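Naming convention: chains lettered A, B, ... in sequence-line order (proteins, then strands); numbering from 1 in each chain. In this text, all values refer to a predicted model and were calculated from it rather than measured experimentally. Note that these values count all heavy atoms, side chains included, but never hydrogens, waters or copies made by symmetry.
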2 protein chains.
Amino acid sequence: MNEQDFLAGYDPRDYPAVAVTVDVVALTIREGALHLLLIRRGAPPYEGHWALPGGFIRPDEDLLAGARRELAEETGLGGERLDRVHLEQLGSYGAPDRDPRMRVVSIAHLAFAPDLPDPVADTDAADAIWLPVTALPNRQLAFDHGRIIDDGLERARSKLEYTPLATRFLAPEFTVTELRAVYETVWGEPLHAGNFHRKVLSVPGFVESTGASTERGGPRGGPRARLYRPGTARLLHPALLRS
Amino acid sequence: MNEQDFLAGYDPRDYPAVAVTVDVVALTIREGALHLLLIRRGAPPYEGHWALPGGFIRPDEDLLAGARRELAEETGLGGERLDRVHLEQLGSYGAPDRDPRMRVVSIAHLAFAPDLPDPVADTDAADAIWLPVTALPNRQLAFDHGRIIDDGLERARSKLEYTPLATRFLAPEFTVTELRAVYETVWGEPLHAGNFHRKVLSVPGFVESTGASTERGGPRGGPRARLYRPGTARLLHPALLRS
DNA sequence: GGAATAGTGTCTGTAAGACAGTATACG
DNA sequence: CGTATACTGTCTTACAGACACTATTCC
């Protein structure tokens, strides 16, 4: 049976329901460590387990809009701060048995956020926090969220290679050293400061100078650093590749 | 309202139905040109328009398995030939108005196939063919399938850069020249024969020699070419980048 | 002053592209 | 034999990584 015949005789009540949810792997950097937004489930199944923020798609809502709404609800943030969060589709997860109650297909999304306030646990969630990814309780994650998180982290590492999205983890103006810290944190490996500096400035459209510098040097000495803002490029040519 | 409360009180009959379909952007190379598998719709909406093969996900079927089944149904191919087809998830398309009848979220997939027989139009489709992508009737495509195809083609071009999946367009044994033809066809640009040859053989795990050569030289002269099969690498290091 | 950091200069190894050249096979 | 093609050699250029160095700022 193909699509049009299926639909021609289709009545939702005749078929097993399929639910569509949107989930969000939201990443941020706090105190030099990569953090992930998680909520603790307050009801079965997986009661007390950590899970990704997410929920059912609403009837007249686009997938990306649904993910943005879920993110807003879980972080308690309004439009302004959320505009600075990068959001993209990650992938869909629809194994028949991934939810014990019914067939649920989840459209997972990936978010890069600047340092945001602590999330406000919504009335139904037991808790909501930014958790360091190094402290992920892999055995206590609900559903297949462990796998979704793994995929999201790998996608994030890969995205930093060929897009300028690392800037989305930072304030609107930043130094090259701060940008390097983002790469080192997400990739989990130290980078050569001098070479990174030259490379970033040589890629067209990655960053553009504001003309200004930081008010002070580093806390343990060093000159003031120049400030940059994100450039206009959407892809990096050439890319910054991991080793 | 969050997920668990929603589900606790959830009855599919109380909510607007959401349908989940799988669609496939299936690519192959025929006579030196990139072709796409399309079906012609035999019923409204978009009757007579070309569309991607696809259909509703079945209750106990994984997303990828659904895409493989749809591909099998539309091409009329059994398991053996289909095993050589690369299939991966492309992305999800869920704009609220993308289907005029109801809310449909489609999980699109991307397939790389070796040269296959002509598809067998299934009883419900008016037609099914491999169509050259240069002849795509952009204004006659059903739903948002034009956009899905664009995304699929760009993904395909990108995948050839950093994966050895170009070999999936070829027979189990192939020459370097045949492999180069795949790149030239998908990227739409000529490549330097000598440099491509050296590059392919220098990337670890891209191809491995069979020890054998072709039976004959080229139709217009030239030595016999050595035969290779796909190597064990799943990613190319370093990558073959487009210019 | 001592130490740490921002930013630049320079050298080296690697890899890609341009080009040329050789051997092999078809007609 | 002429020509097309498979494959290899070599040169040049671009870029990444290692290292060194200077200038600036904090304590």
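Summarising the geometry, the separation between CG on A/Asn195 and P on C/dG13 is reported as 16 Å, rounded to the nearest angstrom. In this entry the distance linking CZ of A/Arg180 with P of C/dG7 reads 10 Å, nearest Å. Between the CG atom of A/Leu241 and the C1' atom of D/dG17 there is a distance of 13 Å, given to the nearest Å. Regarding A/His192, its NE2 atom lies at a distance of 15 Å from the P atom of C/dG9, rounded to whole Å. To the nearest angstrom, P of C/dA15 lies 14 Å from CG of B/Leu236. For the pair A/Phe196 CZ and C/dT5 P, the interatomic distance rounds to 16 Å; values are reported in whole Å. Rounded to whole Å, atom P of D/dG17 lies 13 Å from atom CZ of A/Arg242.
Sorted by first then second residue, the salt bridge (Lys or Arg N to Asp or Glu O under 4.0 Å) pairs that include residues 216-226 of chain B, not counting sequence neighbours, number zero. The salt bridge (Lys or Arg N to Asp or Glu O under 4.0 Å) contacts involving residues 169-189 of chain B comprise B/Arg180-B/Glu184, where partners must be two or more places apart or lie in separate chains.
Residue A/Thr177 is classed as a sugar-phosphate contact, given heavy-atom separations below 4.0 Å to backbone atoms only.
Residues B/Asp23 and B/Pro53 have side chains not in contact (no heavy-atom distance under 4.5 Å, counting atoms from C-beta outward).
Partners of A/Trp187 by ring pair (Phe, Tyr, Trp, His ring centres under 6.0 Å), not counting sequence neighbours, listed by chain and number: A/Tyr183. B/His86 is linked by a ring pair (Phe, Tyr, Trp, His ring centres under 6.0 Å) to B/Phe112, counting only residues two or more places apart in sequence or in another chain.
The stretch residues 209-234 of chain B comes close to DNA chain C through B/Arg216, B/Gly217, B/Gly218, B/Pro219, B/Gly221, B/Gly222, B/Pro223, B/Arg224, each having a heavy atom under 4.0 Å from the strand.
Residue A/Arg198 places no side-chain atom within donor-acceptor reach of the base of D/dG17, judged by atom type and a 3.5 Å distance cut-off alone.
The phosphate of D/dC7 has OP1 or OP2 within less than 4.0 Å of a side-chain N or O from B/His197.
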Solution key, residues 147-158 of chain B side-chain donor-acceptor pairs under 3.5 Å, sequence neighbours excluded:
| from | atom 1 | to | atom 2 | distance (Å) |
| --- | --- | --- | --- | --- |
| B/Asp151 | OD2 | B/Tyr93 | OH | 2.6 |
| B/Glu154 | OE1 | B/Arg157 | NE | 3.2 |
| B/Glu154 | OE1 | B/Arg157 | NH2 | 3.4 |
| B/Glu154 | OE2 | B/Arg242 | NH2 | 3.3 |
| B/Arg155 | NH1 | B/Glu88 | OE2 | 3.0 |
| B/Arg155 | NH1 | B/Gln89 | O | 3.2 |
| B/Arg155 | NH2 | B/Leu90 | O | 2.7 |

